[in-house]
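What you see is a predicted model; the values in this text were computed from it and never measured. Each ligand, and each atom within it, is numbered from 1 in the order the structure gives.
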Amino acid sequence: MSSLTRRRLTRRIKLLAASFILAVSVGVVWLTGLISLDFFLGEVQRRADATLAVQAAVLEKLLDKFRLMAPLMARGPDAAEIVLNLDAERGKQVAAIAAGMAGAEEVWFLDLNGDVIVSSTSNDLIATGSGKAAIRVVFRQAIQGQLGRQLLPGTQNRPASYVFASAVREHDAVAGVIAVRVGLADVEQAWALSKDPIVALDPHGSVVVTNVPAWRGRQFSELTEEANVVVSHGDGELTEVMKLTDRARGKSHLQLATRLPALDWSVVILADTTEARRQSARAMVIAILLCIIAGGAVWAMLARREEMARRHRRDRAAALRLERRVRSRTADLRKANAQLEQEVRDRLQAEADLRLAQAELVQAAKLATLGKMSAALSHEYNQPLAAIRSDAEIAEMLIARGSPDKAIGNLSRIGSMVARMAEIARTLKGFSRRSGTDIRPVSLRQAIDEALLLVMPQIKRSGVSLKTRLPKEDIVVAGGRIRLEQVIVNLMTNALDAVRDRPDPQIELRLEQEGSRVRLTVTDNGKGIDAETLPHIFDPFFTTKETGAGLGLGLSIAYKIVHDFSGTLTARNTDAGGAEFTIRLPVAGEKTIAAE
Ligand code: ADP
């Protein structure tokens, strides 16, 4: 999938997720509002129900208490006398006592015309107000033998009262009427404790008793319009009404009613729903906050998952890239390895070829040396042989002529030439002696001392000054003592030959240790070695000395001996003009010395 398509897809998924989160949040908030409002309104309703039941009972109990007071008084012994005799004084006394004891507002004795005979109070309602017209209804009911009951509506300043009336009989004939007025102010005072408005309505719907004085006497239907009230039509429908109308119209009161069947009144409470609505709003706010938090968390989780997926993709891509690189590198390495192996094989082959060539060369060189030596040897031997032959012929001739004494000289020359040939043979024997088997630790000091001892007579005879510079401590090398002495003697003898004609002949023998090697130098102040001679001095039979003075084998034998001891022998001219021969040998190891 290309990154562009993936990005577009991710954006679409994000949009979808955001819409989903928003939709869920809206749903949750809406549901929270609905449920919480139901719950809190239910609470309000329960509270209001309880209040209503209590307050309605207060009103009912009060009226119930006074309902029987008028009939009881009418049956009393004094009642008939008072109304028949129009005994105002006694009537006043009885009425005042009854009113005072029962807590009634007023007690009246009325005659058959409905006029007041006497009242319990001096400024009674009938006397001050509209008189008997006000209680006409209750009076009539009483005259007719019923328990009279009538409401005396209140005003804004005065609470309503309720009047009960009963006929006073004398020998089954109605003699007068007793009426008891009950003030409803106490009920209103009790209702005033409730913070919600409570009203008692008469069958016509006008307010009779209320804890809102301004409402007294008014039509409840008008009031509900003003008060913005939702009317409930019973418990079952209440919730429905609340749900549909309350929220829609923003009503702030809930109305609950109960009937007082005895009076045909209904008591209504208007419960304030503002707090319930506020609490529901609070719950919605909390729900919104929770939704924001949850949405944020979900969003963060999604973002994190996306980031992780992106990182995973990145890592995978990096791993793939690395793998590819490793693969290509491995291939390169394998190629390089193969090349190296080929190269090693080539080198090994070349080395083998070289060894072969070297061996062939060595062989060729050996053969060449052999040829050279044979030529030199035949020359060396032919010369004396020819001389011997001619001397022998001469001696033979002289003896044949009878003068053998003359032949003595020839014969003695023959003898000396044979001796020379024998010497050559002896030297060659030493040259060809097998080496390597008798290599052992040799004290250089000892070898030098013995060599010097051998050449000392010659040195003394020729008046050469010999300087020796030897280290205090002895140095041990691996080799053969006699052969080493032979080399040193040879170098010393050559040096003696070289300085023979010098005015102040000097020879120096120096021994130094240079790390793991030892250097033995023989320096003279002779005429040095010619440039043409220098390359050949180690060749066998090469000599610049007169015939008979040197065999030309000394240096070549010395060279071979030193090489047999894993050392080197070199020659050079010093700055002063003399020759300097240097032997370098490895110092023998601890083991070798211990073996000695
Ligand atoms: P020989 O002494 O019998 O000639 P060597 O092999 O000992 O044989 O020496 C070969 C030649 O090297 C000598 O003939 C000489 O020319 C040269 N040579 C050797 N030692 C010295 C030296 N100390 N000074 C000058 N020339 C030397």
Side-chain angles (χ1 to χ4, degrees), residues 369 372-373 375-377 379-381 383-384 416-417 419-433 448 451-452 454-459 461-469 482-511 519-564 567-584:
T369 310
K372 231 158 117 186
M373 274 185 78
L377 264 177
H379 176 73
E380 286 299 315
Y381 277 95
Q383 240 185 335
S416 73
M417 269 185 271
R420 177 174 160 71
M421 285 169 78
E423 195 193 332
I424 290 173
R426 199 179 62 246
T427 312
L428 281 173
K429 204 170 145 199
F431 183 68
S432 65
R433 192 167 59 194
I448 290 168
L452 288 182
L454 287 173
V455 292
M456 206 43 89
Q458 262 180 286
I459 289 171
R461 219 179 307 135
S462 50
V464 174
S465 90
L466 173 72
K467 263 194 237 165
T468 52
R469 280 211 241 153
I482 306 293
R483 280 177 288 163
L484 213 51
E485 276 173 35
Q486 190 184 338
V487 172
I488 298 165
V489 167
N490 186 264
L491 293 181
M492 290 299 289
T493 318
N494 279 351
L496 279 168
D497 287 345
V499 299
R500 182 163 299 145
D501 302 324
R502 306 302 290 182
D504 58 335
Q506 285 177 11
I507 297 175
E508 189 185 86
L509 190 141
R510 233 170 32 243
L511 179 66
R519 190 168 66 167
L520 177 67
T521 323
V522 179
T523 318
D524 60 58
N525 63 346
K527 60 184 187 315
I529 310 159
D530 294 342
E532 312 90 71
T533 314
L534 196 59
H536 305 289
I537 51 169
F538 296 112
D539 290 351
F541 301 111
F542 176 83
T543 176
T544 56
K545 292 169 190 168
E546 306 144 21
T547 321
L551 287 174
L553 283 173
L555 281 182
S556 67
I557 292 171
Y559 186 86
K560 186 174 181 297
I561 289 169
V562 172
H563 274 260
D564 284 347
T568 58
L569 173 60
T570 53
R572 69 175 194 103
N573 288 315
T574 62
D575 296 339
E580 185 184 85
F581 285 83
T582 308
I583 301 169
R584 286 188 176 83

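R584 pairs by the side chain to side chain donor-acceptor pair (under 3.5 Å) definition with nothing, not counting sequence neighbours.
For ligand 1, the atoms lying closer than 4.0 Å to a non-hydrogen atom of L555 are 5 (P), 6 (O), 7 (O), 9 (O), 12 (O), 19 (C). In the vicinity of T544, heavy-atom distances shorter than 4.0 Å reach the ligand 1 atoms 13 (C), 14 (O), 15 (C), 16 (O).
For T543, a nitrogen or oxygen atom sits less than 3.5 Å from a nitrogen or oxygen atom of ligand 1, counting backbone and side chain alike. Between F581 and ligand 1, no pair of N/O atoms sits closer than 3.5 Å. Checked against a 3.5 angstrom limit, the closest N/O atoms of D524 and ligand 1 fall inside it. At a 3.5 angstrom cut-off on N or O pairs, S556 does not count as close to ligand 1. By the 3.5 Å distance cut-off applied to N or O atoms, A579 is not counted among the residues near ligand 1.
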Extract all donor-acceptor atom pairs below 3.5 Å that involve side chains of residues 501-509 and protein atoms in other chains or at least two apart in sequence.
residue : atom : partner : partner atom : Å
R502    : NE   : N525    : O            : 3.1
E508    : OE1  : R510    : NH1          : 2.6

Between L491 and I583, does a side-chain contact (heavy atoms from CB on, under 4.5 Å) hold up when you go through it step by step?
-> CA-CA 10 Å; L491 293 181; I583 301 169; 3.7 Å; yes
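Side-chain contact between L466 and L452 is present, with at least one heavy-atom pair separated by less than 4.5 Å. With contacts defined as side-chain heavy-atom distances shorter than 4.5 Å, the pair N494/K545 qualifies.
Just one residue in the list I488, T521, I537 forms a side-chain contact (heavy atoms from CB on, under 4.5 Å) with F581, and that residue is I537.
Checking G526, G552, A498 against atom 3 (O) of ligand 1, the nearest heavy atom belongs to G552.
The closest approach between a heavy atom of G578 and any atom of ligand 1 is not below 4.0 Å.
The backbone N or O of I529 sits less than 3.5 Å from a side-chain atom of N573, completing a donor-acceptor pair.
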